[in-house]
A.B. asks: 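Below you will find the structure I want to go over with you.
Every chain is numbered from 1 and lettered A, B, ... according to where its sequence line falls, protein lines coming before strand lines.
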Amino acid sequence: MKVKPETGNKDKASDMTLVKRAKNRDFSAFEELVTRYEIKVYNLAYKMLGSQEDAEDVLQDIFLSAFKSIDEFKEISSFSTWIYRIATNACLMKLRSKKSQTISLDDKPNSLTAEITDWSQNSATLLDRKELREIMEKAIKSLPKMNRAVFILRDVEGLSNSEASKVLNISIAAVKSRLHRARLYLREKLSNYFSGRNEFSLKGK
Amino acid sequence: MNSHSKENKMECKELLLQISDYIDGTLHPRKQAELEKHLAVCPRCRTFVNTLKTTISLCQSLYEVPAPIHRHLHNILRHELEIHRVNVSIGVLRPPFIELTELKKQIRISIELPGIKQKDITLRVAPDHIEISGFNEKIEGTYYLNEISSGAFSRKFKLPILVNSSRVQATLKNGILKLTILKN
């Protein structure tokens, strides 16, 4: 199964034209860029932060920051990568300030021996279960920040390894390794859920 | 034949390391073939791969992002950008203002150059015109009012009569460069 990248069919030339105009203080050009990217950025923020309120908060910061630093955008990468980087950094900073409870993914490789039941089914049916959804969101939230960022950028938002490495300013190898750990961790959490070993109590925390 | 022998166990461990690349389709074709060969005979690993794929696709369809309030964002941005626009000079550099008078025995010129250091000024006197250029340094910071010109400036103006550059006296005082040119 190849995860399909969700990159919109943006006309790159016209993104760059807008950027050039925005650099010359053409505000309508910048507003157009905002309109083009606000949904993507909002989605990313929502998934990274897990709350609508936080996502709305950080959305303003992201675009204001983008406007103020538009002159520093070298136009070597795409505008999309650049705005994603600003967005991800803003989200990571917000997470840092919130001091959320995250676990650490150990170096121990996952044990294969515990697994026998194949619970992979049609995901549509699985998702009807509200409980499962909550478990998954909690599991993603408990990932260490960088692993969460990589997982969301790569597997949820569909960026490539190369794009993710540019957004996060880490090596492609680091992207792959963090993604790998995140995926295995989440699979294990789901596995526990399906075998009744539910670690995330839905009552309270 | 399909017993979980020691050899198989080692292959399972190796598979685990490559599983992400396999799922992304970025594994070297030979390694991929080896891996798939192993999967064909190892139900445990097959289950692992399937459950991992399901995990990922579940996460992809997991989110029902509540609709954001776009209009709100645009209003806020427009408001902030409007403030910014009023305060930021839009790259137009005001050339220095000049006063040029002709007296009986001299030409007197005053050039407003507030805040500019003498070392940053270049004056060129030709027989029929004068060129004044220079640089006003800008300090880094967040600007809330940005009306003072900055950067390089340059202005050229004609003289009413022909002059000799050796007869020019220049003094910079109180932000004004005063030139006195004795007539021939």
A.B. asks: Could you pull out the closest heavy-atom pair between A/I140 and B/C59, with the gap in Å?
C.D. replies: CD1-SG, 3.9 Å

A.B. asks: More than 12 foreign heavy atoms under 6.0 Å from NZ of B/K183: is that the case here?
C.D. replies: yes

A.B. asks: Above 12 or not: heavy atoms from other molecules or residues under 6.0 Å from CZ of B/R108?
C.D. replies: no

A.B. asks: Quick check: closest heavy atoms across B/L17 and A/H180, and the distance to 0.1 Å?
C.D. replies: O-CE1, 3.9 Å

A.B. asks: Does CD belonging to B/E36 count more than 12 external heavy atoms closer than 6.0 Å?
C.D. replies: yes

A.B. asks: Is the shortest distance from a Lys or Arg side-chain nitrogen in B/D24 or A/K176 to a carboxylate oxygen in the other one below 4.0 Å?
C.D. replies: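 No.
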
A.B. asks: Closest approach of B/L52 and A/R183, non-hydrogen atoms and distance?
C.D. replies: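 Smallest heavy-atom distance, with atoms named: CD1-O, 3.5 Å.
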
A.B. asks: If I take atom OG1 from residue B/T51 and atom CG from residue A/L186, how far apart are they, to the nearest 0.5 angstrom?
C.D. replies: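 CG of A/L186 is found 12.0 Å from OG1 of B/T51.
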
A.B. asks: When only pairs under 4.5 Å are counted, which of A/T35, A/I152, A/N161 shares the most heavy-atom pairs with chain B?
C.D. replies: A/T35

A.B. asks: For residues 114-132 of chain B, dump all side-chain donor-acceptor pairs below 3.5 Å to protein atoms at least two apart in sequence or in another chain.
C.D. replies:
none

A.B. asks: Between B/L58 and A/M136, what is the shortest heavy-atom contact and its length?
C.D. replies: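 Looks like CB-SD, 4.0 Å.
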
A.B. asks: Would you check if A/E188 and B/T55 make a side-chain contact, meaning some heavy-atom pair closer than 4.5 Å?
C.D. replies: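 Side chain of A/E188 against side chain of B/T55, heavy atoms only: no contact under 4.5 Å found.
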
A.B. asks: For A/E137, which residues count as a salt bridge (Lys or Arg N to Asp or Glu O under 4.0 Å) partner, sequence neighbours excluded?
C.D. replies: none

A.B. asks: More than 12 heavy atoms of other residues, nucleotides or ligands under 6.0 Å from NZ of B/K178: yes or no?
C.D. replies: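 Open.
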
